[in-house]
Number of protein chains: 2
Amino acid sequence: MPASRPGPNLSRIATSLGVSVATVSNALSGKGRVSGQLVERIREHAAELGYVPSQAGRALRTGRSGVLGLVLPDIANPLFPKIAQAIEFAASAAGYGVLIADSRGDVAAQTEAINRLVERGVDGMVVIPRRATRISSAACPVAVIDTPSTPGNTVAADHWQGGHEIAGHLAGLGHRHILIIGNNQESNVQNDRAGGIRSGMRPGMHSETLWIDRLEQENGSGCPLGLAEKVRQGFTAFAALSDLQALRALTELQQAGINIPTDVSVTGFDDLIWSPVVTPSLTTVRMDMDRIAGIAVSALVDTIRTSSIREGVLVTAEIERVAMQLIVRQSSGPANPAPKTSEMENM
Amino acid sequence: MPASRPGPNLSRIATSLGVSVATVSNALSGKGRVSGQLVERIREHAAELGYVPSQAGRALRTGRSGVLGLVLPDIANPLFPKIAQAIEFAASAAGYGVLIADSRGDVAAQTEAINRLVERGVDGMVVIPRRATRISSAACPVAVIDTPSTPGNTVAADHWQGGHEIAGHLAGLGHRHILIIGNNQESNVQNDRAGGIRSGMRPGMHSETLWIDRLEQENGSGCPLGLAEKVRQGFTAFAALSDLQALRALTELQQAGINIPTDVSVTGFDDLIWSPVVTPSLTTVRMDMDRIAGIAVSALVDTIRTSSIREGVLVTAEIERVAMQLIVRQSSGPANPAPKTSEMENM
DNA sequence: TCACTCTGATTAATCGTTTAATCAAAGTGA
DNA sequence: TCACTTTGATTAAACGATTAATCAGAGTGA
């Protein structure tokens, strides 16, 4: 006994109006040849009955599920809420649902998550890849959101340019010695951000990069970063490659009695939820996730519509990099003209 | 021209083995009467061909989509990654996919998001309601994760008990004047947490509650909370109702030159991603999201399996509250015996 | 009047799976 | 041997939507 859905279906509407199901289908989809008058009557009656097309029936017939997959291999990423929200919004506007798949960390699990989505019959998927993993083409179109320098990337924030903005901002405030604080050297995103910062530095400026995960491998997770020492060495600006690391730097410096922004400046990336409300509020650079998601989803949907067969394609979009926007808040200020010591003056 | 899926289907397996599709279906599902020998042969051949059942076909026939909806009316919630991860994991283990729906904030959008999910044919859904909204029963079973005191709640962390733990911890450290910092007085969760803290205080202790959104309505979003003044008034412990507010308090106090934990203590709720890495690391209380999600999903799935009709039921679970766990870190310490002033000594 | 096109509808097949109903053959007990 | 159950398989009918193919009738031009 097939469980009958509660709502009306095409044939109920059809018999109720004395026409055939095909006509009803055509009228509602606007595809076949139906007189305007009848279209009107059918539409009205369908609305009256609260007709909702069965996704299952449609999917079975058309081979399209109307669902996109969203793969977030690093779901603990604090950017996740924004990403998921933006993707869901864009997909929903295009008439698609969003099925999520998380692969807790490792790469094998990422592949497995992708397979789960394919088995559920998604028409395409958006993947935010973990670090430098390659997407072995799945059995459906795939849009990748990573960073423009990654091969196969569909669309992403211009992390490099974001770094450039940060560097320009700090240079303009008179900072000469910048400590870049990143988490993971394998990350394409973080590398681009760091590269952008370095490329934006003016002559006479100097930078050094601190990778946290390397430090933690030696000293244990959550270890101090030794930033007070860096201040003594003459660094006046700490440019973190994510707001999470910026926050870590900010609190460590504050705890050491170093005032921000009068003694040193701290900047981040991403404009995460806490950035506006910490004291001092965080100068950072924001990506236009709505725009990125919009581009990714519409490129994906276009590909789905045109590629008649269900094949594994890497989707490309016309715009593949979206500018990041500098948000100046209180954590950055003029470089302190009298650094506590000046070990670097001769560099 | 119906787009034929790439993979093999039941009938391909059937003809290839010279049996009927029904037999193949029975063999794979273990339902009908098929000889053990044939079952073995069919299973082998199916695996060999890489057979993946069509969700669409199955959904159409059974009326079940094998998909659960996840409604997060407040998707910007920093807890979201953990929740989504846990729900997806539990659902996936039970053979279900997870379709997300976000309703950016307002309540009408929440209803709309729920409808979207129903239209997509979800078999049931998990709702983390926004504040005090009631779930007008949808056309499918609904599990609610909020707080045990909310009517209709399926399962949730025992926020009250979590507050109790915090209060006990602070009392043990000798704190007598506690400032509770919450965001929104309408939130059932925050109210329970605050109630738990108050109920856990020992005789002679005193608390006051600061609601941030009320303060921000007057002074603008992101305004200072005036915590230095509170320290002067004699408060030695700041118990935030979420790590986000704890972080806000922590940085504001640090910026004012108040040392944590030697001068005052700060505690939070939720153990969010930054809590272990800020300086000082945050004492907080953690909810067992995996357990909660597991209970919610299995209760939901049970209800789906038993309720033959697609009806709107509020799911109940045997265990409806899951204990929270106190995580003691560096942001809490013994009460400073010599508060800067002592306006409260006569309270 | 005939051949032809155009319009507005219907018929019927199909997507892939599940499952109730049926059936043939074999086994069982009297 | 006959009636009856059990076993192991098949048949066929759904589920709900889409769409190619068909068809009746009206209009049209020669």
Side-chain angles (χ1 to χ4, degrees), chain A residues 1-42 46 49-66 95 119-121 123 305 308-310, chain B residues 1-42 46 49-66 95 119-121 123 305 308-310:
Chain A
M1 155 221 56
S4 62
R5 290 200 325 152
N9 51 18
L10 282 191
S11 76
R12 181 123 79 229
I13 298 178
T15 56
S16 150
L17 282 175
V19 297
S20 75
V21 277
T23 302
V24 178
S25 175
N26 283 330
L28 294 177
S29 65
K31 282 197 173 172
R33 285 193 294 229
V34 191
S35 69
Q37 218 178 356
L38 188 47
V39 166
E40 199 53 38
R41 269 212 307 156
I42 291 177
L49 259 57
Y51 168 71
V52 175
S54 151
Q55 294 290 331
R58 180 176 287 171
L60 181 54
R61 176 61 223 246
T62 62
R64 299 263 143 95
S65 62
E119 283 178 19
R120 296 223 162 265
D123 294 337
R305 291 216 177 104
S308 57
I309 342 161
R310 173 185 291 273
Chain B
M1 156 220 58
S4 62
R5 291 202 324 154
N9 50 19
L10 282 189
S11 76
R12 181 123 79 229
I13 299 178
T15 57
S16 150
L17 283 174
V19 297
S20 74
V21 278
T23 301
V24 178
S25 174
N26 283 330
L28 294 178
S29 65
K31 281 198 173 170
R33 285 193 293 229
V34 191
S35 69
Q37 219 177 356
L38 189 48
V39 165
E40 199 54 38
R41 269 213 306 155
I42 291 177
L49 260 56
Y51 168 71
V52 175
S54 151
Q55 293 291 330
R58 179 176 288 172
L60 180 56
R61 176 60 222 244
T62 62
R64 300 262 144 95
S65 61
E119 284 177 19
R120 295 225 163 264
D123 295 338
R305 291 217 176 104
S308 57
I309 342 160
R310 172 186 291 275

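Just so it is clear: chains get the letters A, B, ... in the order the sequence lines come, proteins before strands, and each one is counted from 1.
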Could you please name the option among D/dG16, C/dA9, D/dA9 that lies closest to any side-chain atom of B/T23?
D/dA9
Whole-Å gap separating P (C/dG8) and CD1 (A/I42)
13 Å
Using a heavy-atom cut-off of under 4.0 Å over every strand shown, decide if A/S20 touches base, sugar-phosphate, or nothing.
base
Find out whether B/L28 and B/L10 are in side-chain contact, i.e. whether some heavy atom of one side chain is under 4.5 Å from a heavy atom of the other.
yes
When the distance from CG of A/L60 to C1' of C/dT14 is rounded to whole Å, what number comes out?
8 Å
Tell me if a side-chain donor or acceptor on A/S25 pairs with a main-chain N or O of A/V21 at a distance below 3.5 Å.
no
Where each residue is assigned the nucleotide of DNA chain C containing its nearest heavy atom, which of B/A22 and B/A56 is assigned the position nearer the 5′ end?
B/A56
From the set D/dT10, C/dT17, C/dT19, return the single nucleotide nearest to any side-chain atom of B/L10.
C/dT17
Roughly how many Å is it from CD in A/E119 to C1' in C/dT17, rounded to a whole number?
16 Å
Classify B/S25 by what it touches in the nucleic acid, base, sugar-phosphate, or nothing, heavy-atom distance under 4.0 Å.
base
When rounded to whole Å, the CZ to C1' distance for the pair A/R41 and C/dA9 reads 13 Å
For the backbone of A/G66 and the side chain of A/D123, can you confirm whether one donor and one acceptor N or O come within less than 3.5 Å of each other?
yes
Length of the line joining B/Q37:CD and D/dT7:C1', which is rounded to integer Å
14 Å
Using whole Å, report how far CZ of B/R12 lies from C1' of C/dC15.
13 Å
Minimum-distance nucleotide to B/S35 side chain [options: C/dG16, C/dA9, D/dA9]
D/dA9
Is there a side-chain contact between B/T23 and B/L38, using heavy atoms and a 4.5 Å cut-off?
yes
Calculate the interatomic distance between B/N26 atom CG and C/dG16 atom P; express it in whole Å.
19 Å
Quick check on DNA chain C: between A/V21 and A/L38, whose nearest nucleotide comes earlier from the 5' end?
A/L38
Contact nearer the 5' end of DNA chain D, comparing B/G57 with B/R33
B/R33
Would you say B/L49 and B/I13 make side-chain contact, with heavy atoms under 4.5 Å?
yes
Between A/R58 (CZ) and C/dG16 (P), how many Å, whole number?
18 Å
